[in-house]
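Notes for the one structure printed next.
Keep in mind it's a predicted model, so treat the numbers as computed, not measured. Letters A, B, ... are given to chains in the order of the sequence lines, protein chains preceding strands, and every chain is numbered from 1.
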There are 2 protein chains.
Amino acid sequence: MDKPSVTSADVARLAGVSQSTVSRSFDSSSRISDGTRQKVFAAADELGYQVNKAAQTMIKKRSDLVGLVTAGLADPFRSEFLNSLVLEIQNNGLRPMVIDVSDTHTIDVQLQSLIQYQLSGVIITSGTPSEAVAKTFIKRGTPVVLVNRADHSSEADIVNLDNEKAGALAAEALMKAGKRKLMVVRSKVASYSSVKRTKGFLDKLSPFVKQGSISLEEAFCETGNYHGGAQFGADLLASKHYPDGVFFCMDCIACGFLDALKQSNTLAVPTDIAVIGCDDISIARYQSYDLTTVRQSPQKMAAAAVSALQKRLKQPNTKPIQQKVSVELVFRGTLTESNTL
Amino acid sequence: MDKPSVTSADVARLAGVSQSTVSRSFDSSSRISDGTRQKVFAAADELGYQVNKAAQTMIKKRSDLVGLVTAGLADPFRSEFLNSLVLEIQNNGLRPMVIDVSDTHTIDVQLQSLIQYQLSGVIITSGTPSEAVAKTFIKRGTPVVLVNRADHSSEADIVNLDNEKAGALAAEALMKAGKRKLMVVRSKVASYSSVKRTKGFLDKLSPFVKQGSISLEEAFCETGNYHGGAQFGADLLASKHYPDGVFFCMDCIACGFLDALKQSNTLAVPTDIAVIGCDDISIARYQSYDLTTVRQSPQKMAAAAVSALQKRLKQPNTKPIQQKVSVELVFRGTLTESNTL
DNA sequence: TTGTATGCGTTATCAA
DNA sequence: TTGATAACGCATACAA
């Protein structure tokens with residue numbers, strides 16, 4: 001059954017040229033006479049020739065595979081971001097290989113095994129690898145891009161959202177709306193983004209807290225998803241100790257919280273309590289939530305990550321770049337713009 | 001900067017054995033004396049040896065990459081399914097390469113180019129490839145698994161949800177609840193799943209329609225997502241021609257519809273109108289929707305697809321298998337079980 | 001501009 | 001059980 005695959009030698013034979021000429025014809029930077037190239041392409045077309053990436057990788061010491069390291073991909077924001085990354089990688093003539101490291105204990109072993117693939121790069125969107133592993137790749141000449149991860153000393157390129165700005169924007173909007181009893185909520189399981197967002201929020205408010213015009217509380221929910229937010233909302237309502245403005249470090253938590261409020265019907269949004277989320281996942285736009293949030297652009301993040309990777313492939317020895325991608329506040333129903341005027 | 005990579009020859013030198021012995025030590029089916037294997041592993045560990053998959057692929061004529069063909073991955077159901085597929089593939093010692101064919105015009109060219117990678121298999125979850133392309137792979141000995149796609153004549157293995165059963169279950173539940181003016185809604189852009197679900201719904205009801213006890217209408221929304229459902233809901237309300245029970249072929253459409261109802265506040269769910277969705281995406285469980293739906297298991301689908309692939313890798317010449325994965329009705333707020341008693 | 005020859009790192013074949 | 005050797009298909013250095 002197995003059809004022996006078509007090789008460049010087969011094409012060469014049919015085109016009446018040498019194998020190396022065939023190889024060169026497919027390399028745009030090689031100078032080949034127009035006539036020969038035509039002949040080669042025609043022969044290749046006729047035979048349905050496709051280059052063998054494995055053989056190519058042997059020579060070039062680099063496949064065009066990009067490792068996409070993530071912890072799950074069903075989370076709303078994560079899936080939007082991965083979608084953008086996949087497209088961006090494809091558009092750069094590369095191919096995404098997805099690695100799910102939901103099991104954070106084995107992440108180093110898993111990443112080590114990626115060396116097998118002669119990857120063109122690794123984009124880590126989740127699960128902090130030990131520095132040693134990142135260095136292993138970089139020493140090999142495999143670019144590593146860290147997205148929204150803390151990393152101070154490594155030689156990896158870094159793309160971050162402007163997380164602190166996100167927190168600051170939320171803080172500003174709540175203040176402008178006249179809210180005074182503020183709260184910031186994130187998942188108990190710390191993530192770099194959430195910590196930074198919280199920091200931006202707190203820093204913006206700290207002068208006002210000191211002068212006593214604003215009260216501020218930091219709170220945590222059990223899980224960083226809808227259900228964590230719903231549980232958090234129920235607990236908060238039971239405590240009867242309500243803030244009048246809350247910033248959630250993730251939209252999905254905010255949505256759970258809003259549903260908890262809706263069910264109890266004790267607090268009106270945004271009059272009694274204003275809610276701001278972060279990310280602008282597609283659900284935030286659904287009428288049931290209509291969530292005011294700090295938007296980030298997955299496309300921009302993906303483009304920044306892939307371009308960092310491409311740059312390093314071309315210039316391996318420049319020093320690491322760190323990029324911050326901008327964010328913007330989007331007003332919707334849970335804190336309207338008119339509230340802030 | 002580039003560290004030359006560690007090869008099996010390096011390991012052989014350190015372990016004091018031949019290169020082929022190193023290779024065999026990593027192949028569990030090779031008989032190697034325990035002592036030598038220990039020595040080899042120790043040396044490999046010390047050097048941080050990882051097999052070069054490119055070289056391996058050259059010989060074996062097969063990489064352990066599995067192509068995952070999809071059209072976008074941010075859609076709620078799709079991302080859950082891909083998540084399951086990625087995990088299942090990883091757990092089988094394979095690696096997922098994601099191919100986004102959102103641009104349906106170029107799908108054949110895109111798939112052809114996958115030949116470059118000597119894939120162990122291709123799982124097509126979206127975008128119908130021409131039969132010719134599928135055959136190209138199969139002739140090469142690359143298994144193709146079609147998931148939820150129509151395909152009658154090809155030699156590919158097929159995994160389908162029991163889509164007709166899904167429609168039938170919805171129809172039954174609506175009837176049992178005493179609903180008589182029924183409607184089934186799907187996206188204008190036909191998908192195999194939706195067409196089959198609709199068929200299951202219609203077939204189940206057709207005897208009752210003939211005898212006049214049930215009225216039945218088929219309707220379409222512009223897009224197969226939340227916004228399509230919201231628009232559809234608004235239009236339906238404007239028409240003032242309401243059914244008392246609706247089956248949506250996708251949960252996300254149903255959620256949009258529910259939000260449209262909620263906003264207008266003219267019809268109560270489920271008393272005036274019962275709503276059933278399909279898939280059981282995570283949003284269906286959110287309190288704002290609390291959607292009764294026909295659940296499918298992405299895990300089961302993924303497991304079936306990957307196991308079909310593995311079977312064919314082992315036995316390439318058996319005839320194509322077709323599997324149907326079961327579904328179940330999940331009662332929630334938009335049609336409660338007590339309604340049906 | 002083109003052809004010849006070489007090697008990439010592995011597995012498979014054969015001999016010891 | 002082990003070692004020597006021959007592919008696999010390509011890109012590249014060198015020769016022409």
Side-chain angles (χ1 to χ4, degrees), chain A residues 2-41 43-44 47-65 113 115-120 140-141, chain B residues 2-41 43-44 47-65 113 115-120 140-141:
Chain A
D2 282 27
K3 207 161 62 174
S5 49
V6 180
T7 72
S8 56
D10 298 330
V11 177
R13 216 167 300 128
L14 180 60
V17 298
S18 73
Q19 180 270 325
S20 41
T21 298
V22 174
S23 175
R24 276 188 286 253
S25 299
F26 286 96
D27 173 19
S28 53
S29 70
S30 274
R31 276 176 297 278
I32 289 277
S33 80
D34 272 6
T36 335
R37 195 166 249 148
Q38 298 295 331
K39 269 195 302 185
V40 170
F41 283 179
L47 298 176
Y49 169 73
Q50 297 279 354
V51 73
N52 182 324
K53 287 282 182 187
Q56 195 176 65
T57 302
M58 291 277 298
I59 307 286
K60 298 201 164 178
K61 310 233 170 258
R62 180 168 289 156
S63 71
D64 53 7
L65 259 36
S113 78
I115 291 181
Q116 300 174 342
Y117 294 92
Q118 325 293 106
L119 300 178
S120 281
R140 283 191 81 257
Chain B
D2 281 25
K3 207 162 60 174
S5 49
V6 180
T7 73
S8 56
D10 298 330
V11 177
R13 218 167 299 130
L14 181 60
V17 298
S18 75
Q19 182 272 329
S20 29
T21 297
V22 174
S23 176
R24 274 189 288 252
S25 299
F26 286 96
D27 173 18
S28 54
S29 70
S30 273
R31 275 176 296 278
I32 290 276
S33 79
D34 272 8
T36 357
R37 194 166 249 148
Q38 298 296 331
K39 270 194 301 186
V40 170
F41 282 179
L47 298 175
Y49 169 74
Q50 297 280 351
V51 73
N52 183 325
K53 287 282 182 187
Q56 196 175 65
T57 302
M58 290 278 298
I59 305 290
K60 298 201 164 178
K61 305 211 170 287
R62 181 168 288 156
S63 70
D64 54 7
L65 259 36
S113 78
I115 291 180
Q116 300 174 342
Y117 294 91
Q118 325 293 104
L119 300 179
S120 278
R140 284 191 79 259

What pair of heavy atoms forms the shortest contact from [X] to [Y], and how long is it?
X: B/Ser8; Y: B/Gln19; answer: OG-NE2, 3.0 Å
X: A/Arg62; Y: A/Leu119; answer: CG-O, 4.4 Å
X: A/Arg37; Y: A/Asp27; answer: NH2-O, 3.2 Å

Side-chain touch [X]/[Y], heavy atoms, less than 4.5 angstrom:
X: B/Thr7; Y: B/Asn52; value: no
X: A/Val11; Y: A/Leu14; value: no
X: B/Leu65; Y: A/Leu65; value: yes

For nucleotides 7-9 of chain D, tabulate all protein N/O to nucleotide N/O atom pairs closer than 3.5 Å, reporting atom names and distance.
residue, atom, partner, partner atom, Å
D/dC8, O3', B/Lys61, NZ, 2.9
D/dG9, OP1, B/Lys61, NZ, 3.2

For A/Ser63 and A/Tyr117, indicate whether the former's side chain and the latter's backbone hold a donor-acceptor pair under 3.5 Å.
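Confirmed, A/Ser63 side chain pairs with A/Tyr117 backbone.
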Report yes or no: is there a donor-acceptor pair, N or O only, under 3.5 Å between the side chain of A/Gln19 and the base of D/dA11?
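For A/Gln19, whose side chain was compared with the base of D/dA11, there is a donor-acceptor pair (under 3.5 Å).
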Residue from B/Val17, B/Asp34, B/Val22 passing side-chain contact (heavy atoms from CB on, under 4.5 Å) with B/Lys39
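The single option meeting the side-chain contact (heavy atoms from CB on, under 4.5 Å) with B/Lys39 is B/Val17.
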Let's go through A/Gln118 and A/Arg140 carefully: what are the C-alpha distance in whole Å and the side-chain angles of both, what is the deciding distance for side-chain contact (heavy atoms from CB on, under 4.5 Å) to 0.1 Å, and is it a yes or a no?
CA-CA 9 Å; A/Gln118 325 293 106; A/Arg140 283 191 81 257; 3.6 Å; yes
Can you give the first and last nucleotides of DNA chain C, 5' to 3', that have an atom under 4.0 Å from a heavy atom of chain B?
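Boundary nucleotides touching chain B, in 5' to 3' order, are C/dG9 to C/dT13.
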Less than 4.0 angstrom from a charged side-chain N to a carboxylate O is my criterion; do A/Arg13 and A/Asp10 meet it?
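Salt bridge between A/Arg13 and A/Asp10, a charged N being under 4.0 Å from a carboxylate O: yes.
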Where along residues 20-41 of chain A does a heavy atom come under 4.0 Å from DNA chain D, residue by residue in number order?
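A/Ser20, A/Ser23, A/Arg24 - these, ordered by number, are the residues of the stretch whose heavy atoms sit under 4.0 Å from the strand.
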